[in-house]
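Data first, discussion second: the structure below is written as structure tokens.
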Number of protein chains: 2
Amino acid sequence: MAATLKDVAIRAGVSRSAVSRTFTDGASVSPKMRKKVQKAAAELGYRPNALASSLTTGRTKMIGLISNNFHNPIFLTVFDRFTRALQERGLRPLLVNLSDETDPQSSVQMMRQYSVDGVIVASSTLSPDFSKAFRDAGVPVVHTFGRHATNPHVHVVGIDNVECGRMAARALVARGHRRVAFLGGPEAATSTQDRYQGFMTEMAKHPKVKTTYSFADDYSFEAGRAEMQRLLQGTMAEAYFCGDDVLSIGVLSAVRDAGLKVPEDIGIIGLNDMEMAGWANIDLTTIRQPIGQIINSSVELIAAMLDDPGRYPEARLFPCDVVERGTLRPVPDP
Amino acid sequence: MAATLKDVAIRAGVSRSAVSRTFTDGASVSPKMRKKVQKAAAELGYRPNALASSLTTGRTKMIGLISNNFHNPIFLTVFDRFTRALQERGLRPLLVNLSDETDPQSSVQMMRQYSVDGVIVASSTLSPDFSKAFRDAGVPVVHTFGRHATNPHVHVVGIDNVECGRMAARALVARGHRRVAFLGGPEAATSTQDRYQGFMTEMAKHPKVKTTYSFADDYSFEAGRAEMQRLLQGTMAEAYFCGDDVLSIGVLSAVRDAGLKVPEDIGIIGLNDMEMAGWANIDLTTIRQPIGQIINSSVELIAAMLDDPGRYPEARLFPCDVVERGTLRPVPDP
DNA sequence: GATTTTTTTGCAACCGGTTGCAAAAAGTGT
DNA sequence: ACACTTTTTGCAACCGGTTGCAAAAAAATC
């Protein structure tokens with residue numbers, strides 16, 4: 001069975017406190033004692049029990065990583081990046097799948113049962129109130145992909161979805177499209193609302209361009225495809241800003257099945273620049289959300305909060321940029 | 001700050017032991033006492049600290065979920081399923097990303113520091129020795145997607161990759177193909193080796209069919225595409241068994257870019273039946289690996305081991321089946 | 001009511017660590 | 001060698017729970 005601190009103390013012929021100090025950063029212990037203890041510990045294969053020490057230190061080094069999105073392919077990259085960034089700092093992600101429930105209180109309680117040092121909410125659809133429940137319970141929290149506010153109640157890291165909507169609108173206008181449309185994800189999602197708002201307000205500056213919009217049921221291939229199939233029954237726009245890449249791929253599929261050419265007949269621009277967007281058979285023009293930076297910044301922020309829990313809530317927004325690929329025609333020469 | 005068992009005891013005017021018994025399944029406590037304690041606990045928002053109790057019980061209900069694959073899209077489904085199945089049993093996954101290192105001992109040590117109740121190794125590329133290190137350290141372990149052996153040292157849950165190779169071969173032969181090929185993932189991977197072996201041994205039964213093989217660098221779209229582009233410079237087979245779905249999608253991309261028609265000119269069969277295989281623009285004929293069953297079985301097995309740690313190691317293999325879609329021509333009528 | 005049996009309860013020790021503090025040891029200066 | 005200062009060390013209490021056991025209380029039996 002696992003060796004304990006007491007076993008090491010007995011073997012090294014020292015007090016338990018000496019052993020503890022040897023393994024506690026910053027604690028005072030003589031070099032001679034340290035060597036004696038380390039020798040005994042090595043012989044026994046001893047490593048401190050993180051959970052026992054957390055009772056005294058109040059630190060587990062575990063971070064709750066909460067998500068309700070396990071279907072959008074970009075989230076595999078998200079989990080890859082989060083796990084790596086946390087591990088690099090000696091932090092351990094306790095993964096929570098909230099696809100089936102979003103009661104803040106039961107999540108808060110569970111996280112406190114495990115004494116996580118902090119929580120990262122990785123979701124664009126879980127509400128600010130969800131994240132705020134952690135803050136109110138005294139648990140450091142960062143909401144990644146959350147909607148920013150002028151006076152944020154919790155730390156938010158992400159992109160400005162409104163600005164992305166404007167950016168997409170500008171991209172379509174710059175290509176001379178006279179009829180454009182927003183095809184968003186689920187209408188109730190804040191990310192959808194913000195992208196829609198940005199798109200529509202930018203398009204309002206171009207009254208001569210006909211602008212329409214609609215929503216898919218979900219951020220998924222099937223939902224995007226189904227919504228475009230519905231649109232194909234009526235009057236089409238020349239170009240579409242689709243709420244995200246996976247939606248865009250569904251839209252592309254429906255368009256091509258209808259015998260239309262992309263970008264010649266129909267232009268498509270997505271959002272996210274997930275790995276698949278660059279696959280040769282997709283080649284999606286999209287707006288890149290800098291996932292790596294967002295995640296590193298989130299982890300940096302949660303780590304900072306461990307040392308400064310009273311840290312004032314901030315919103316860190318990262319700029320997006322248009323990635324030119326094959327689904328939008330080139331900008332005409334001036 | 002969080003209420004403790006002691007706070008509840010004081011508020012209810014009872015002993016700490018009474019409070020503990022109220023929250024411990026199977027412990028003896030009168031209904032009257034229980035009600036009194038529960039009232040006080042509710043008023044204080046008390047929940048037992050799982051880590052403190054683990055010191056006595058030896059149980060954290062945390063399960064290490066180890067993976068080194070965060071790029072194959074099917075792993076998003078894998079994580080979704082694992083988190084759900086574990087959560088349903090009140091178990092919590094501590095996620096570990098081993099993309100960058102595979103030293104068994106450091107992983108074992110980390111898991112023991114957190115007193116996980118068990119470990120699930122979700123990887124087809126991490127070696128049996130990796131999993132065995134946990135067993136040797138007395139940590140219950142299940143290797144999901146591991147290679148089975150006649151005398152397994154650890155519990156293994158997955159598919160018979162050799163049989164899948166045979167199955168793919170039979171599928172190609174049944175369609176009358178006279179020139180067939182295996183296009184595998186990384187040659188060193190055991191999954192590649194087994195699939196290759198099954199394919200080749202089955203094809204050996206059909207000496208009149210010309211059989212060739214090659215390997216992609218990786219299980220990825222780009223690697224699949226690149227390998228097919230290389231093959232397109234030479235003599236092509238009529239149909240290919242590609243080592244997994246994501247490889248197949250890359251292969252499809254290269255084939256179509258070369259102006260060939262699928263399945264008329266070239267047939268493709270993949271393996272896994274990940275969500276994307278069914279997308280209308282992919283419509284991949286593939287061999288379904290029953291991910292849901294594999295994962296539920298793994299979780300069932302780890303849960304069983306918590307109660308019976310000495311349980312004899314077993315291998316649970318699930319049958320695969322061919323999913324007919326659009327990338328292989330139909331079987332000719334007899 | 002008295003006796004016996006069963007259930008409930010609190011005490012105190014335990015789980016594996018950390019840490020304040022006083023005493024001991026080591027180091028420095030004269 | 002002695003006085004003073006700094007560092008190191010062990011003790012014992014603590015962190016937030018669980019549990020064996022003996023005593024007390026409740027229930028059952030006659």
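Residue numbers start from 1 in every chain, and the chains themselves are labelled A, B, ... in the order their sequence lines are given, proteins ahead of strands.
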Distance-only polar pair, side chains of B/Ser191 and B/Tyr219, donor-acceptor under 3.5 Å
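A donor-acceptor contact under 3.5 Å links the two side chains.
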
Are A/Thr77 and A/Asp80 linked by a side-chain donor-acceptor pair shorter than 3.5 Å?
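Distance-only check fails for A/Thr77 and A/Asp80.
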
Rounded to the Å, how far apart are [X] [atom1] and [N] [atom2]?
X: B/Arg112; N: C/dG17; atom1: CZ; atom2: C1'; answer: 16 Å
X: A/Leu55; N: C/dC15; atom1: CG; atom2: C1'; answer: 9 Å
X: A/Lys6; N: C/dA13; atom1: NZ; atom2: P; answer: 14 Å
X: A/Gln113; N: D/dG17; atom1: CD; atom2: C1'; answer: 12 Å
X: B/Asn49; N: D/dG17; atom1: CG; atom2: P; answer: 5 Å
X: B/Leu5; N: D/dT19; atom1: CG; atom2: P; answer: 12 Å
X: A/Asp7; N: C/dC15; atom1: CG; atom2: C1'; answer: 13 Å
X: B/Lys61; N: D/dG17; atom1: NZ; atom2: C1'; answer: 15 Å

What about [X]: does its side chain form a donor-acceptor pair under 3.5 Å with the base of [N]?
X: B/Ser20; N: D/dG17; value: no
X: B/Arg16; N: D/dG16; value: no
X: B/Arg21; N: D/dG17; value: no
X: A/Ser15; N: D/dG10; value: no

Respond yes when some side-chain nitrogen or oxygen of B/Tyr46 is under 4.0 Å from OP1 or OP2 of D/dG17, and no when none is.
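Yes, B/Tyr46 has a side-chain N/O under 4.0 Å of OP1/OP2 on D/dG17.
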
Of the listed nucleotides [options], the one nearest the side chain of [X]:
X: B/Thr4; options: C/dG16, C/dG10, D/dG17; result: D/dG17
X: B/Thr57; options: D/dT18, C/dT18, C/dG16; result: D/dT18
X: A/Thr56; options: D/dG16, C/dG16, C/dG10; result: C/dG16

Sidechain-backbone polar pair: [X] side chain, [Y] backbone, donor-acceptor under 3.5 Å:
X: A/His143; Y: A/Ser123; answer: yes
X: A/Ser298; Y: A/Val157; answer: no
X: B/Gln289; Y: B/Ile159; answer: no
X: B/Asp117; Y: B/Lys61; answer: yes

Answer with base, sugar-phosphate or nothing: what part of the nucleic acid does A/Ser53 contact at a heavy-atom distance below 4.0 Å?
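Sugar-phosphate contact only.
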
Just checking A/Arg59: base, sugar-phosphate only, or nothing, at a heavy-atom cut-off of under 4.0 Å?
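Counting heavy atoms under 4.0 Å across all strands, no contact is made by A/Arg59.
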
Which of residues 24-44 of chain A sit near DNA chain C, with a heavy atom under 4.0 Å from it?
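Contacts with DNA chain C under 4.0 Å: A/Thr24.
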
Would A/Glu43 and A/Lys39 satisfy salt bridge (charged side-chain N to carboxylate O under 4.0 Å, His left out), going step by step from the backbone distance to the final call?
CA-CA 6 Å; A/Glu43 288 165 359; A/Lys39 180 171 180 293; 2.8 Å; yes

Going through the checks in order, is the salt bridge (charged side-chain N to carboxylate O under 4.0 Å, His left out) test met by B/Asp136 and B/Lys132?
CA-CA 6 Å; B/Asp136 293 344; B/Lys132 187 164 170 292; 3.3 Å; yes

